[in-house]
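The sequence lines fix the lettering, A, B, ..., with proteins before strands; numbering per chain opens at 1.
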There are 2 protein chains.
Amino acid sequence: MSRPGGSAQQRDTPVLTERGGVRKAAILEAALRVIGDKGLAGLSMRAIAAEAGLPLGALGYYFKTKDDLILEAFELHTRREADRVLAAFAGVENGDHADDIAEHLTAFIHHGLTEARTSLVAEYEFLIESTRRPDLARVSRAWRQALQIQVGHVASRLGSDDPETDSEIILAVIAGLEIDHLSTPLDPSTTQAIRTALRRTITRLGLRGNAARH
Amino acid sequence: MSRPGGSAQQRDTPVLTERGGVRKAAILEAALRVIGDKGLAGLSMRAIAAEAGLPLGALGYYFKTKDDLILEAFELHTRREADRVLAAFAGVENGDHADDIAEHLTAFIHHGLTEARTSLVAEYEFLIESTRRPDLARVSRAWRQALQIQVGHVASRLGSDDPETDSEIILAVIAGLEIDHLSTPLDPSTTQAIRTALRRTITRLGLRGNAARH
DNA sequence: TTGGAACTGGAACGAACGTACCACTCGGTT
DNA sequence: AACCGAGTGGTACGTTCGTTCCAGTTCCAA
């Protein structure tokens, strides 16, 4: 039996829209959804196949094992999320006040806790599983490092006198607020509490837009 | 077939050291260990029985279903952890400088990431699963609320002008630092980064011991 | 000492699991 | 037209799962 990767799929980042590759992408998307709302504990090959509307046999063709599928799904998620985070912080750099910065971060977290909740839950499923699987841990580390560098640059532009520590704090606050509010339905007062916490954090760290001007 | 709870086990918080109750406690302890190092996905009744050194049949006697067992294990964990957190912050109140406070928190996180790593991983497994199970979510909410109140009191004593927000920030930073460093082996430089982040957070929030004296 | 409830542990059930298999269809090259 | 590898999908294997059952044992009250 032949496996994909022998011809066009051979490059490091396979194009997923070629013949057959569409299915591979659909499988990974389905897996991310299932992980988000049933957890890794509820993730079965059959559940993925059903979610993707594909026969069970298709999964074995594109992925050697379930663990391989999980790894590729995680990689896909981090690739996608990197863009989202980058976009969120790109808007920040042009902000004039600490409140504007906090507002961007509030919107980012709010989106994760509402429309993108499934995706956010999947992310933490992966992070926890990373403590047990070295292959996932490598992805986590690379992902976290990229984040910290990006946020560090932003902090630098906002006038931080210790960008490395500030990015560590900001990333921790974001992750912590997400985790702490995941098991609660997100009502307006909670969103306000998150906004207040972010404002105070940004303000007290002395971060403000256009710091390079004066 | 009779179930426990018909006699001495009937009270709300059953004493686990009575006849047979020793076994129930052993099962919950075993479950917490298995969840910590195999995850909820790797948690099976057989794995718990093996970890506890008990026959499979024993589990069905003390717990109606696997989900019941998981719920009780979570409750046990939060009860235990509440004491630990309380102790960590009790030491804080007598500290004189922001650095002392940060040091307490650093030690707390360090302990979680090293000796108590299994327990910490289990905690986040529970938190994520809480997004899917209302019964676990209730425990999470109560647990988080208790934490915030306690930390709020501490922040108050340390001179905070907004204890509620400060406790939200501090809890988020702690959770975030834990999550962000779970998939990486904890080396001394990482510990130092955590300490630095905590010092800066506490300092910038204007928290200091003996604030009531001045 | 006897009765009954609490407790034990091994065996067994049907269901769901990951994976492998294979006859089949399709598209492009020779 | 003949061919071959890529892609397909239904089936089936062996394993592990949660749960149930029950004959047997231990303990305490009567």
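- Considering only side-chain atoms of A:Pro55, the nucleotide from D:dG9, D:dT19, C:dC7 that sits closest is D:dG9.
- For B:Arg141, there are no side chain to side chain donor-acceptor pair (under 3.5 Å) partners at least two apart in sequence or on another chain.
- Phosphate proximity of C:dC7 to B:Arg23: absent, as no side-chain N or O sits under 4.0 Å from OP1 or OP2.
- Closest-nucleotide positions on DNA chain C for A:Gly42 and A:Gly57 were compared, and the one nearer the 5' end corresponds to A:Gly42.
- Between A:Lys24 atom NZ and D:dA6 atom P the separation is 14 Å, expressed in whole Å.
- If you check distances only, the side chain of A:Arg46 does reach the base of C:dG18 with a donor-acceptor pair under 3.5 Å.
- Between A:Arg200 and B:Glu168, none of the side-chain N atoms (NZ, or NE/NH1/NH2) sits under 4.0 Å from a carboxylate O, so this pair counts as no salt bridge.
- Spacing between atom CG of A:Leu59 and atom P of D:dG10 amounts to 14 Å, rounded to whole angstrom units.
- Here A:Tyr61 does not reach the OP1 or OP2 of C:dC21: none of its side-chain N or O atoms lies under 4.0 Å away.
- Rounded to an integer number of Å, the gap from CE of B:Met45 to C1' of C:dG10 is 16 Å.
- If you measure from atom NZ of A:Lys66 to atom C1' of D:dT16, you get 12 Å, rounded to the nearest angstrom.
- Here the C1' atom of nucleotide D:dT16 and the NZ atom of B:Lys38 are 12 Å apart, to the nearest Å.
- Remark: A:Arg84 is positioned above the aromatic ring of A:Phe108, its terminal NZ or CZ atom under 6.0 angstrom from the ring centre and at most 45 degrees off the axis.
- For B:Ser44, the listed nucleotide lying nearest its side chain is D:dC17; candidates were D:dC17, C:dC17, D:dA12.
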Which donor-acceptor pairs under 3.5 Å do the side chains of residues 47-58 of chain A make with protein atoms, sequence neighbours left out?
{"residue": "A:Glu51", "atom": "OE2", "partner": "A:Arg33", "partner atom": "NE", "Å": "2.5"}
{"residue": "A:Glu51", "atom": "OE2", "partner": "A:Arg33", "partner atom": "NH2", "Å": "3.4"}

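- A:Ser189 and A:Asp187 are linked by a side-chain donor-acceptor pair at a separation below 3.5 angstrom, with hydrogens and angles left out of the test.
- Distance CG (B:Leu43) to C1' (D:dC17): 12 Å, rounded to an integer number of Å.
- What separates CG of B:Leu54 from C1' of C:dC7 is a distance of 12 Å, to the nearest Å.
- In this entry the distance linking NZ of A:Lys64 with P of C:dA20 reads 7 Å, nearest Å.
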